[in-house]
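Atoms considered below: every heavy atom in the structure, side chains included; atoms not considered: hydrogens, waters and symmetry mates. Numbers here are sequence positions counted from 1.
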Amino acid sequence: MKLFHYINFILIFIVLIAICVVEEVLVSRSLSTIHDRVLSIEKVVAMKEDIQNMDIVMEIENLEYYWNQDEKKLCYLVNHKSIQEIGVEIAKLKLYIADNDIPAFKVSLEEIKYYCHSYLHFMGANIHNVL
């Protein structure tokens, strides 16, 4: 009978570890994708002298679309309040395009990169999630 309890305990522990690994992979993939998209936007902005052009607008629209898709998934895995700053910064990017405020646009891109980078380290799998 005790063997059955030990086997159940081990199975539960393995399932918890698997859930943490899946969480880590999904969060890392989502944040890395957003980070890569921001880097591509920075390259486009570096080649243009004006941010009010269709290339940048489409890049921001794509970034927002992918973020909204990822945010829906991430809300099941992490606290929504922890990741909402990225969505706020994406909304600010649209305002900066309308105002053609290039310095603020670049600062907002840096903020998104910072949030993605810090969340990649902050939201990793650890033994506390398992326990």
Just verifying a value: how many Å separate [X] [atom1] and [Y] [atom2], rounded to the nearest 0.5 Å?
X      : Y      : atom1 : atom2 : answer
Glu24  : Leu26  : CD    : CG    : 10.0 Å
Ile60  : Leu109 : CD1   : CG    : 6.0 Å
Ser32  : Arg29  : OG    : CZ    : 9.5 Å
Glu110 : Lys113 : CD    : NZ    : 3.5 Å
Glu64  : Ile86  : CD    : CD1   : 13.5 Å
Glu85  : Lys92  : CD    : NZ    : 10.0 Å

(request) Flag the pair Glu42 and Lys106 as a salt bridge only when some basic side-chain nitrogen lies within less than 4.0 angstrom of an acidic carboxylate oxygen. (result)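 The answer is no: the pair does not qualify as a salt bridge.
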
Would you kindly confirm whether [X] and [Y] end up in one hydrophobic cluster when ILVMFWY residues are joined by side chain heavy atoms under 4.5 Å apart?
X     : Y     : result
Ile41 : Tyr65 : yes
Leu11 : Leu3  : yes
Val21 : Phe13 : yes

(request) Heavy atoms only: give me the nearest Tyr66-Ile34 pair and the separation to one decimal. (result)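 Scanning both residues completely, I find the closest heavy atoms to be C-CD1, 4.2 Å.
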
(message) If I compare all heavy atoms of Cys116 with all of Leu31, which pair ends up nearest, and what's the gap?
(response)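 Nearest heavy atoms, Cys116 then Leu31: SG-O, 3.8 Å.
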
(message) For Asp55, give me all partners under side chain to side chain donor-acceptor pair (under 3.5 Å), at least two apart in sequence or on another chain.
(response)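 In terms of side chain to side chain donor-acceptor pair (under 3.5 Å), with neighbours along the sequence ignored, Asp55 is linked to Lys48.
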
(request) Check the pair Tyr114 / Glu89 against side chain to side chain donor-acceptor pair (under 3.5 Å), numbers first and verdict last. (result) CA-CA 11 Å; Tyr114 170 75; Glu89 290 299 322; over 6 Å; no

(message) List the residues meeting ring pair (Phe, Tyr, Trp, His ring centres under 6.0 Å) with Tyr96, not counting sequence neighbours, and say none if there are none.
(response)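 With neighbours one apart ignored, the set is empty.
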
(request) Taking the side chain as every heavy atom from C-beta outward, state whether Asn100 and Ile102 have any pair of such atoms under 4.5 Å apart. (result)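 Result yes, sub-4.5 Å side-chain heavy-atom pair found.
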
(message) Between Asp50 (side chain only) and Asn53 (backbone N and O only), is there a donor and an acceptor less than 3.5 Å apart?
(response)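 Flag not set: sc Asp50 to bb Asn53 has no pair under 3.5 Å.
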
(message) Taking Val25's backbone N and O only, do any of them form a donor-acceptor pair with Ser28's side chain (distance below 3.5 Å, no angle check)?
(response)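 Looks like no, no N/O pair under 3.5 Å.
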
